[in-house]
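Owing to the predicted nature of the structure, the values given are computational and were not obtained by experimental measurement.
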Amino acid sequence: MHKTQNQPGSALTDPVRYPSGASAPVRTKRAFVLVLLTLFIPGSAQIVAGDRRLGRVALRVTLAVWALALVTLFIAMVNRTLLLSVFTHPIGSLLIIVVLVALALGWAYLFLNTLRIIRPALLAPGMRPIIAVVLAASTILASGSLGYIAYVLNVSRNAIGSIFDAGPAIEPVDGRYNFLMMGGDAGDDRTGRRPDSLSVISVDAKTGESAIISVPRNLQNAQFSEGSPMRKIYPDGYNCGDECLINAVNTEVTNNYKDLYPGVADPGAQATLEAVSGTLGITVQAYVLVDMDGFAKLIDAMGGIRIKAGGWVPISGPVTDEANGIHGMPDGWIPAGDQHLDGFHALWYGRSREFVDDYARIARQQCVQQAMLKQLDPATLLTKFEDIANAGTKVVDSNISSNQLGSFVDLALKSKNQPVKRLTIGPPDFDASFSTVPDFDLIHSKVQETLAGSNGPRADDALVTGNGAAAGTIVAAGPVAGSRPAGQLPSPSADFTPVTTTPDGTPITIELLNGLKAQGDEQGIRDLVATNGQCAPL
């Protein structure tokens with residue numbers, strides 16, 4: 001009985017719960033252990049040395065979080081789309097943010113409580129600041145990480161709400177999702193956006209295999225898809241003369257026919273989507289229209305892009321001869337060779353068409369798109385996420401449903417490292433004059449050939465040199481009706497030599513090019529920059 005009566009008193013000598021009688025080294029060791037317990041098993045420090053009720057609640061939460069993490073990991077392995085859909089859904093992401101903030105605050109409270117349990121006054125004077133620093137660092141590592149994840153999710157959630165639509169999800173057609181990407185200037189002085197670039201990104205709904213089909217902005221007689229309200233206005237195609245280019249559909253519908261699209265947020269963009277659908281003979285389900293200023297900001301947020309440029313590209317000055325489309329002295333030049341481009345220079349690299357035709361520009365635009373996809377890696381996203389998300393809100397318009405972003409993100413992850421096929425409705429895949437009098441049956445055939453994914457050139461095909469080979473395009477020994485067979489392009493081939501000298505070996509410089517411009521020798525410049533459609537991402 002005497003020994004039993006003394007047990008409560010003997011418990012006071014426990015150095016973990018009652019450190020007063022312990023030696024200085026034991027108190028120091030105890031402090032470090034309590035901090036580590038709070039860091040790795042939140043609530044366990046309170047159970048062994050503090051408020052056991054608080055510890056039990058915290059430990060239950062810890063075990064529940066671990067179980068949830070294991071379930072999340074399992075879902076990521078068996079159904080990644082579902083997981084991404086939860087994270088990108090407005091309500092799902094909000095719930096996750098609330099939970100993360102609550103966990104971050106609760107964990108921070110446990111660290112403060114652990115500091116009280118440690119009783120710094122009992123520590124040796126030299127150990128007090130060390131323990132304080134370790135505990136503060138642990139708090140930042142634990143609670144700060146959760147808080148940062150919640151912050152990133154909130155930025156992402158706001159960006160998604162600003163960019164994407166809240167409409168119904170879309171279904172694949174013939175096993176593919178087809179997205180129209182439009183790039184143009186959306187200044188306050190413009191009524192309806194006249195896109196400078198039009199390209200369809202077609203993605204296999206199961207495998208993620210993708211193709212980029214570029215439509216020249218000057219394509220005439222564009223066909224509207226069946227069911228399009230504009231088909232009643234132009235049953236034989238958009239054929240009102242040289243002014244009826246496909247990139248003018250947006251402006252015309254915005255100015256004259258938006259009443260044909262009741263309830264549609266952007267009738268001009270929707271009509272352009274229908275014109276591209278009918279022209280290519282496929283169903284394009286959604287569009288994204290990117291303002292050029294937003295494009296530049298997005299590339300800046302990524303830290304720039306890296307490309308191999310085949311020829312010099314001008315940063316054009318103002319137009320001085322409207323009749324002949326001649327610009328004044330260039331404001332600058334982007335040299336041939338390996339380049340790291342910021343947003344301003346990447347924008348000009350993709351939009352410049354002085355001294356060359358639209359098709360060289362299209363090839364550069366495709367290259368810039370692939371450079372962005374290639375270089376948008378997890379490290380870039382992690383370190384520059386807020387800037388990228390804020391720049392992304394510069395996307396002017398999109399009718400992609402925010403509820404479907406999870407599945408599309410999953411598709412993007414699948415397609416990231418897969419070969420990309422490319423087709424241009426113009427050189428190098430069609431003759432330069434093809435866009436003026438297009439053969440739509442031939443376009444439809446070539447589009448289907450591209451999307452079918454031939455494994456390589458046929459026996460009667462041959463690789464060509466020059467721009468076609470540089471772009472990785474396969475050209476038939478005998479062209480049919482002004483077209484060339486669509487080739488499979490793993491990426492823009494880097495197997496070309498940038499043109500950095502004149503034919504006699506003189507280095508091409510800004511001074512040389514500007515000197516030719518001052519002399520009015522436009523043709524001399526064209527000869528020197530003719531290869532600027534060659535490009536490959538690095």
Side-chain angles (χ1 to χ4, degrees), residues 80-82 84-85 88 164-182 195 198-215 219 222-232 237-238 246 249-250 253 260-261 263-289 369 373 397-416 418-425 429 438 440-454 486 488:
R80 184 172 60 184
T81 298
L82 174 61
L84 291 171
S85 297
T88 55
F164 297 102
D165 192 38
I170 59 177
E171 297 295 328
V173 175
D174 297 327
R176 305 188 73 88
Y177 290 107
N178 301 310
F179 306 97
L180 174 61
M181 307 295 292
M182 296 180 279
L198 296 165
S199 60
V200 172
I201 298 178
S202 180
V203 186
D204 188 286
K206 290 184 178 179
T207 68
E209 276 191 323
S210 59
I212 299 175
I213 305 171
S214 296
V215 180
L219 184 134
Q223 305 292 297
F224 290 99
S225 58
E226 291 188 22
S228 168
M230 289 298 291
R231 198 176 176 93
K232 299 176 183 177
Y238 190 45
I246 192 169
V249 170
N250 197 317
V253 171
L260 296 178
Y261 293 86
V264 176
D266 192 333
Q270 178 61 31
T272 303
L273 179 150
E274 293 164 357
V276 172
S277 293
T279 295
L280 299 181
I282 59 177
T283 300
V284 181
Q285 299 108 313
Y287 65 81
V288 177
L289 199 158
Q369 289 171 354
L373 291 173
D397 194 13
S398 174
N399 65 347
I400 294 176
S401 171
S402 59
N403 294 329
Q404 205 168 5
L405 281 181
S407 60
F408 291 153
V409 170
D410 189 39
L411 269 182
L413 293 173
K414 289 180 181 178
S415 64
K416 182 175 176 60
Q418 293 197 50
V420 177
K421 291 165 285 184
R422 294 189 297 162
L423 176 69
T424 299
I425 312 303
D429 300 308
F440 293 101
D441 288 337
L442 186 58
I443 291 176
H444 298 173
S445 173
K446 293 302 175 185
V447 168
Q448 291 305 317
E449 182 182 338
T450 301
L451 299 185
S454 58
Q488 180 169 339

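Considering only residues two or more places apart in sequence or on other chains, Ser214 meets the side chain to side chain contact (heavy atoms under 4.5 Å, CB included) condition with Ser199, Ile212, Ile362, Gln366, Thr424. Residues forming a side chain to side chain contact (heavy atoms under 4.5 Å, CB included) with Ser445 (at least two apart in sequence, or on another chain): none. For Ser225, there are no side chain to side chain donor-acceptor pair (under 3.5 Å) partners at least two apart in sequence or on another chain. A search for ring pair (Phe, Tyr, Trp, His ring centres under 6.0 Å) contacts involving Phe179 returns Phe408, not counting sequence neighbours. Scanning for side chain to side chain donor-acceptor pair (under 3.5 Å) contacts around Arg231 gives an empty result, with sequence neighbours left out. Under the side chain to side chain donor-acceptor pair (under 3.5 Å) criterion, Glu274 pairs with Ser228, Tyr261, Gln270, not counting sequence neighbours.
The two residues Asp204 and Leu411 have their closest heavy-atom pair at O-CD2, 3.4 Å. Considering every non-hydrogen atom in both Arg176 and Leu451, the closest pair reads NH1-O, 3.6 Å. Here the shortest heavy-atom pairing between Leu198 and Thr272 reads CD2-CG2, 3.9 Å. Between Met230 and Leu260, the closest heavy-atom pair is SD-CD1, 4.1 Å. Between Ile425 and Ile443, the closest heavy-atom pair is CG2-CD1, 3.8 Å. The minimum heavy-atom distance linking Gln285 with Thr283 is given by the pair OE1-O, 3.4 Å.
Formation of a donor-acceptor pair under 3.5 Å by the Thr279 side chain with backbone atoms of Gln223 is found in this model. With hydrogens and angles disregarded, no donor-acceptor distance shorter than 3.5 Å links the side chain of His444 to the backbone of Ile282.
Separation of atoms CG (Leu423) and CD (Gln448) is listed at 11.0 Å; rounding is to 0.5 Å.
The shortest distance between side-chain heavy atoms of Lys446 and Asp429 does not fall below 4.5 Å. Under the 4.5 Å side-chain criterion, counting only non-hydrogen atoms from C-beta, Leu280 is not in contact with Asn178.
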Stepwise side chain to side chain contact (heavy atoms under 4.5 Å, CB included) test for Val276 and Tyr287:
CA-CA 11 Å; Val276 172; Tyr287 65 81; over 6 Å; no
